[in-house]
Amino acid sequence: MYFESWSALWQMGTHGPYVWSAFGIGVALIAANVAWALWHSRTVRADLKRQLQRQAMQEKP
Amino acid sequence: MTETARPVPGHFYLWSGLGLLVAVALYVFWQAPQPNRTVLVVGGYLLSVLFYFGAVRYPHWYWQALVRWYHQLGSPRHFYRISGVLLPYLVALSGGLLLVGLIWGLAFSPPHHEQGNSYRIIYLHVPAASGAMMGYMAMGICGLVSLVWRMKMAEVAIKAIAPFGATLAAVALITGAIWGRPTWGTYWIWDARLTSMLILFFMYLGVMGLQNAIADPRQAGRAASLLSLVGIINVVIVRYSVDWWHSLHQGSSMSIFGAGGSQIHPSMLAPLLISMFGTYFLFAVAVLIRTRTEVLWRERRSRWVKEVLR
Amino acid sequence: MSVFAATLRRELLLGLRTPAEIINPLFFFVVVVSLFPLALTPSPETLRLLAPGVVWVAALLAVMLSLDSLFRRDEECGALEQLLVAPGELYLPVLARLCAHWLLTGLPLVLVAPLLGYMTYLPVEVLDTLWQSLLLGTPALTVIGAIGAALTVSVRRGGILLALLVLPLYVPVLVFGAGSVGRALDGMEVSSVLAVLGAILALAVSLGPFAVALGLRISSGD
Amino acid sequence: MNPVRKQRLLIVLGAFAGVALAVGLLLYAISGNINLFYTPQQVVSGEAPVGQRMRVGGLVVDGTVRRDAESLKVQFDITDGAGSFTVYYQGILPDLFREGQGVVANGTLVSQQRFEATEVLAKHDETYMPPEVQDALERAGHPAAAGGV
């Protein structure tokens with residue numbers, strides 16, 4: 001590691017707030033986007049499954 | 001479709017040897033910055049060998065494979081199957097690359113000789129910016145494909161690319177602003193690169209807005225295709241016009257990669273390239289997830305979807 | 001060519017019958033520009049510096065607002081459907097419509113611009129560049145905006161969406177248009193900047209109608 | 001040739017003519033003097049028009065930076081190795097402004113030796129390297145270490 005200690009890594013000279021806030025916001029945004037896509041995929045699947053089951057129920061009797 | 005293996009002919013060695021010589025000569029005499037030169041020359045050589053084998057030597061097999069690939073990609077069912085196989089590998093690849101690249105960049109690479117540690121934002125900023133740019137290019141190509149060949153999957157792909165591309169553009173803008181504060185002394189400059197990234201962000205929003213405003217999915221897809229195709233021309237013109245505008249008024253000298261090319265020390269380039277490829281793969285993951293969802297929804301009445309969901 | 005002439009004549013006559021559609025953008029242009037001295041400062045030095053941008057942005061917004069009426073009326077009375085099912089290429093009728101629309105809404109802006117430039121203390125030598133740049137720029141704005149208008153014609157209350165689609169596409173025209181006036185203000189030669197505006201116009205007029213026609217076809221669900 | 005085909009051909013030819021016209025106009029624009037950026041050599045040799053607003057760029061000459069004690073006035077020479085002249089400026093200089101570094105200044109050329117700047121921008125270096133490498137390059141007298149323009 002380039003830094004001597006964890007606190008040095010955290011502070012990065014005087015630039016810690018900039019670097020960590022940039023990485024925090026950026027990674028959070030990207031992760032939120034992927035999570036949103038996954039959540040949407042899950043809800044769509046659940047909806048379609050329910051529809052299918054309802055159709056199957058209607059067809060059986 | 002099985003082609004009997006033919007022995008590689010002698011003149012192949014001759015031509016590929018000559019090609020290698022030309023590539024090496026290009027590499028030695030070319031004035032471009034070193035990393036770009038390496039990528040271009042090696043990539044060009046590999047591509048030409050691929051092209052030789054494919055298009056010149058075995059054209060029959062090549063075209064057959066291309067057409068089959070195109071049809072499979074264009075068919076929702078095959079796309080769903082293939083992307084399902086691919087997705088876990090892509091997730092692992094992108095996650096691994098991003099983890100290595102970002103941690104290497106944050107904790108292990110040396111600081112910049114003038115900017116100190118604040119430059120470490122580059123490891124997120126540049127991948128996001130280039131991902132947003134490439135995403136728009138991909139969207140424009142999909143737009144062309146969907147308009148010319150009326151390929152359904154291309155319309156779906158546009159709808160899937162836009163949200164992640166917009167997010168990357170936003171990330172590039174935000175991280176750029178935070179980086180600008182310690183480096184330039186201000187969060188925002190109307191620099192050519194910043195301005196064109198902002199316009200790119202708006203254009204992503206425009207495509208998403210148009211998609212959402214039109215109820216019929218086919219019509220929305222085709223409208224978005226046309227808009228993203230027109231947008232690609234605009235992105236290019238904006239890039240140059242803003243540059244020009246600044247040569248009239250104020251300096252665009254603050255941009256990071258100027259006309260002179262960039263010289264990045266290998267100890268900084270390696271993590272940067274790794275996180276860039278990680279971002280591209282993550283882009284592919286996000287697009288595949290959204291495309292799969294959309295395909296399932298659009299094809300919900302077909303038999304294969306019922307089988308998949310069972 | 002008779003298709004072009006006939007459509008142009010018809011559109012001009014129809015437009016002249018509803019003068020509000022001609023006067024409203026013009027009125028908007030004049031009012032917006034005259035708001036700036038009230039909002040900023042009446043000092044000639046400041047206004048002169050800001051005038052190129054102010055006049056150009058106001059003209060751009062006026063053109064954009066006028067676009068809403070470009071295909072809307074045709075769509076409501078069914079003339080658009082008729083146009084789409086008619087045999088032959090859509091290019092010429094579309095081009096004629098755009099020409100008529102520009103003659104009715106864009107040209108008045110160009111004619112009144114020198115007056116507004118004078119009111120914002122632009123030197124008289126610069127007024128030439130102002131109207132020349134607008135003469136080259138506003139038709140390009142009309143054509144580019146028409147692509148957005150064609151795509152949103154079936155969208156109810158598509159006004160804000162149209163702005164979101166079209167404004168990013170307007171950036172190059174704005175940059176070179178306001179840039180040419182700014183350069184003239186600094187006493188530099190402007191012919192090369194005007195040439196770029198001309199190039200954008202030539203590109204927009206020659207390729208834009210294809211995109212507009214395609215957009216209309218897409219919007220009609222074809 | 002049937003009329004529909006003929007019409008289509010005419011349209012395509014017209015569109016091509018339009019694109020060709022656009023390309024021609026662009027070439028004309030590029031051939032004109034768009035760039036308002038001048039190097040010290042051009043300024044000293046009289047190529048840059050005196051009395052006009054323009055942008056100049058060069059390296060700050062070592063030891064020429066003189067700051068006024070009471071006001072924000074500052075003056076320094078810039079050079080590109082083939083000529084040099086003095087830039088006068090009043091205002092706060094950017095953090096990256098240093099002797100030997102590249103700068104870009106916007107302003108008016110008053111005479112061939114005097115440039116009055118309204119804005120001074122430090123040229124952001126395009127090289128990315130660790131401090132040790134920079135030191136090594138400087139010790140070896142490598143020109144890149146001085147910062148390119």
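We name chains A, B, ... by the order of the sequence lines, and we start the count at 1 in each one.
- Across every non-hydrogen atom of D:A29 and C:A195, the tightest pair is CB-CB, 4.1 Å.
- In this structure, the portions of C:L203 lying under 4.5 Å from any heavy atom of chain D include both its backbone and its side chain.
- Between C:S206 and D:F16 the shortest side-chain heavy-atom distance does not fall below 4.5 Å.
- Heavy atoms only, all atoms of each residue included: D:A15 and C:F210 are closest at CB-CE1, 3.7 Å.
- Closest approach of C:G198 and D:L25 over heavy atoms only: C-CD1, 3.4 Å.
- With D:I11 as the fixed residue, the side-chain contact (heavy atoms from CB on, under 4.5 Å) test singles out one of C:L92, C:L95, C:L90: C:L92.
- At most 12 heavy atoms of other shown residues, nucleotides or ligands fall within 6.0 angstrom of atom CD in C:E81.
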